[in-house]
Peer 1: 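Just passing along the structure, written as C-alpha cells.
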Amino acid sequence: MIDFADIIVDLQAGDTGKGKVANHLVNENDYTHIIRYNGGGNAGHTFYHNDKKIVTHLIPVGIIHNKKSIIGHGCVLNTNKLLEEITYLENLGFDVKSNLLIDKRVHIVKQEYIDEETDESIIGTTKTGTGPAYRNKYGRTGLRAESCEEIQDYVIDIYDELYGNDKVKILFEGAQGFELDIDWGDYPYVTSSHCTVGGALNNGVPHQKIRDVYGIAKAYRTYVGSKKFEPSDEIFDYIRNKFDEFGATTGRARQLNWLDINELIKSININGVTILIINKFDVLKEIKIFNLIEDNDVKSFESSDEFVQYIQNKLSNNCENLNTIIFSETPYKV
Ligand code: IMP
C-alpha cells in the first residue's frame, strides 16, 4: 500500500533544475519508488553524481540510487532510445535491470512519428515524435508497452507494484513544466502531456497520499520553441552564454525573460505547491540585476534582499498552501 507521495513539478517552461532537485531528494529521503509521470524523449534531465555529469531523457533518477524507477503511463517512449539509455547507465555502473519498471499502459513512440517531425514545425518541437505519439494514444490507434516485445523484461502493471508492496514511498518526477502543459500552457506552444500534479496523481495515487509538492522555478524564465519570448536586451545574451542556457536534448538556445510573478502564483496555486525552490538565484546576484515582471510590467529592485522580500510577501499573501520558499544559489549537487 502507498504510504505517501512527494511530487516534483516544474512551475515554468521546463529547464528549472528539477533533475538536480530530484537527485537531491532521493538522496535525502527513503523513497521506495521514483515515478516519471509525463513526457518522453523530449525531456532532458541533467544532474551530477560523484561530480560526474549525467543526462537522462526517459529513466527516472532513482536508477542511480538503486531505487525502483517507474516510467508511468503519462509518458511515451521510443524503444531504441530507451535501450540506448539503459546501455549508457549500465556502462556507468548502475543496475538498471533490477530497478527499471515500465507501466504496461505507456505508449510507444514509433520511428514514423519521429520522421513525421523532421521538418521545422510551427511550434518548434524537440522532434522526438512526442506529439504524434500522444495524438495516436488519444486517437486509440497507438501501440502500448504491453505489446512491445523488446522491452517485456521491464513491463509491469503499476497498480500491482504500488498496492502489492508494503509502505510504498513515492517521489514523482515531472518533465517539461506548467507553462508547457497541454491545457494550462500557451496553446499551441505547448507539449502534449500533463505537466501538473494532476498528471502525477493519474498513476493511481489518491490525493490524500500527497505529503509535499515541490515546485521548481528559476530566478528568471527560459523557454525553447518558436514563439517570440525574449525581449531585446543584451543582458539575456550574456546570461545565456555565461550560464549555459541551451537545451539538454536539442542544444537549441533557450529564450530568456524575467520571472513573471503572476504566472508563478498561478502555477503554485494550481499545483498546490508546499515547498518552492527558486534555482539560479546566483545568476541574478552575479549580474546584479533584480528584475521581475508583474502585471506585464518590469519591476526593478535595488538589492537581492529587496527582491527576496518582495517575492516572499507576494507569495505568502497569495498562495495559501505554500509553507517554505528556498532561494537556491548553487544548483543542487549530490
Ligand atoms: P514537444 O514536446 O517536442 O512536442 O515540443 C513542444 C514544446 O515543448 C516545444 O516548445 C519544445 O521546445 C518544448 N519542450 C519539450 N520538452 C521540453 C523540455 O524538456 N524542456 C524545455 N522545453 C521543452
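Indexing begins at 1, ligand by ligand and atom by atom, following the structure's order. Numbers here simply count residues along the sequence, with the first being 1.
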Peer 1: What part of V190 sits under 4.0 Å from ligand 1 if we count only heavy atoms: the side chain, the backbone, both or neither?
Peer 2: backbone
Peer 1: With heavy-atom distances below 4.0 Å as the criterion, list the atoms of ligand 1 near G225.
Peer 2: 10 (O)
Peer 1: First locate atom CZ of F172, then atom CD1 of I210, and finally report the distance between them rounded to the nearest 0.5 Å.
Peer 2: 8.5 Å
Peer 1: Show me the donor-acceptor pairs, under 3.5 Å and distance only, between side chains in residues 66-74 and residues at least two apart or in other chains.
Peer 2:
| unit_1 | atom_1 | unit_2 | atom_2 | d |
| --- | --- | --- | --- | --- |
| N66 | OD1 | N99 | ND2 | 2.7 |
| K67 | NZ | Y31 | O | 3.0 |
| K68 | NZ | S98 | O | 2.9 |
| S69 | OG | I63 | N | 2.9 |
| S69 | OG | K67 | O | 2.9 |
| H73 | ND1 | D103 | OD2 | 2.9 |
| H73 | NE2 | N202 | O | 3.0 |

Peer 1: Which heavy atom of the protein is the closest neighbour of atom 22 (N) of ligand 1, given with residue, atom name and distance?
Peer 2: L180 CD1, 3.6 Å
Peer 1: Should G124 be listed as contacting ligand 1, given a heavy-atom distance under 4.0 Å as the test?
Peer 2: yes
Peer 1: Hey, are the side chains of F243 and E286 touching, using non-hydrogen atoms and a 4.5 Å cut-off?
Peer 2: yes
Peer 1: For the 3.5 Å polar cut-off, considering only N or O atoms, please tell me whether T191 and ligand 1 meet it.
Peer 2: yes
Peer 1: Check each of I123, D186, V224 against atom 12 (O) of ligand 1 and report the one with the nearest heavy atom.
Peer 2: V224
Peer 1: Could an N or O of ligand 1 be found under 3.5 Å from any N or O of S192, whether backbone or side chain?
Peer 2: no
Peer 1: Kindly say whether the aromatic ring centers of F301 and F290 come within a distance under 6.0 Å.
Peer 2: no
Peer 1: If you measure from each non-hydrogen atom of N42 to ligand 1, which part falls under 4.0 Å: side chain, backbone, both or neither?
Peer 2: both
Peer 1: Using distance alone, determine whether Q176 and ligand 1 share an N or O pair under 3.5 Å.
Peer 2: yes
Peer 1: Starting from atom 5 (O) of ligand 1, find the nearest protein heavy-atom neighbour and note its residue, name and distance.
Peer 2: T125 CA, 3.5 Å
Peer 1: State plainly whether the residues D153 and K97 are in salt-bridge range, i.e. N to O under 4.0 Å.
Peer 2: no
Peer 1: Just jot down the ligand 1 atoms closer than 4.0 angstrom to any heavy atom of A43, in number order.
Peer 2: 19 (O)
Peer 1: Taking only residues at least two apart or on different chains, which pairs with a member in residues 7-16 satisfy side-chain hydrogen bond (donor to acceptor under 3.5 Å, both in side chains)?
Peer 2: D10-T16, D10-K18, D15-R254
Peer 1: With heavy atoms only and a cut-off of under 4.0 Å, state how A13 meets ligand 1: side chain, backbone, both or neither.
Peer 2: backbone
Peer 1: Would G14 count as a polar contact of ligand 1, with the cut-off being nitrogen or oxygen pairs under 3.5 Å?
Peer 2: no
Peer 1: So which heavy atom in the protein is nearest atom 21 (C) of ligand 1, and how far is it from that ligand atom?
Peer 2: D15 OD2, 3.1 Å
Peer 1: N/O of T126 under 3.5 Å from N/O of ligand 1, yes or no?
Peer 2: yes
Peer 1: Evaluate the side-chain proximity of Y223 to Y189: yes if any heavy-atom separation is below 4.5 Å, no if none is.
Peer 2: yes
Peer 1: For residues I270 and W184, report the shortest heavy-atom separation together with the two atoms involved.
Peer 2: CD1-CZ3, 3.4 Å
Peer 1: Do H33 and E161 pass the side chain to side chain donor-acceptor pair (under 3.5 Å) test, and can you show the C-alpha distance, the side-chain angles, and the key distance before you say yes or no?
Peer 2: CA-CA 9 Å; H33 292 73; E161 185 62 31; 2.8 Å; yes
Peer 1: When you measure from the heavy atoms of R254 to every atom of ligand 1, does any distance fall below 4.0 Å?
Peer 2: no
Peer 1: Does D237 come within less than 4.0 Å of R240, counting only side-chain N to carboxylate O?
Peer 2: yes
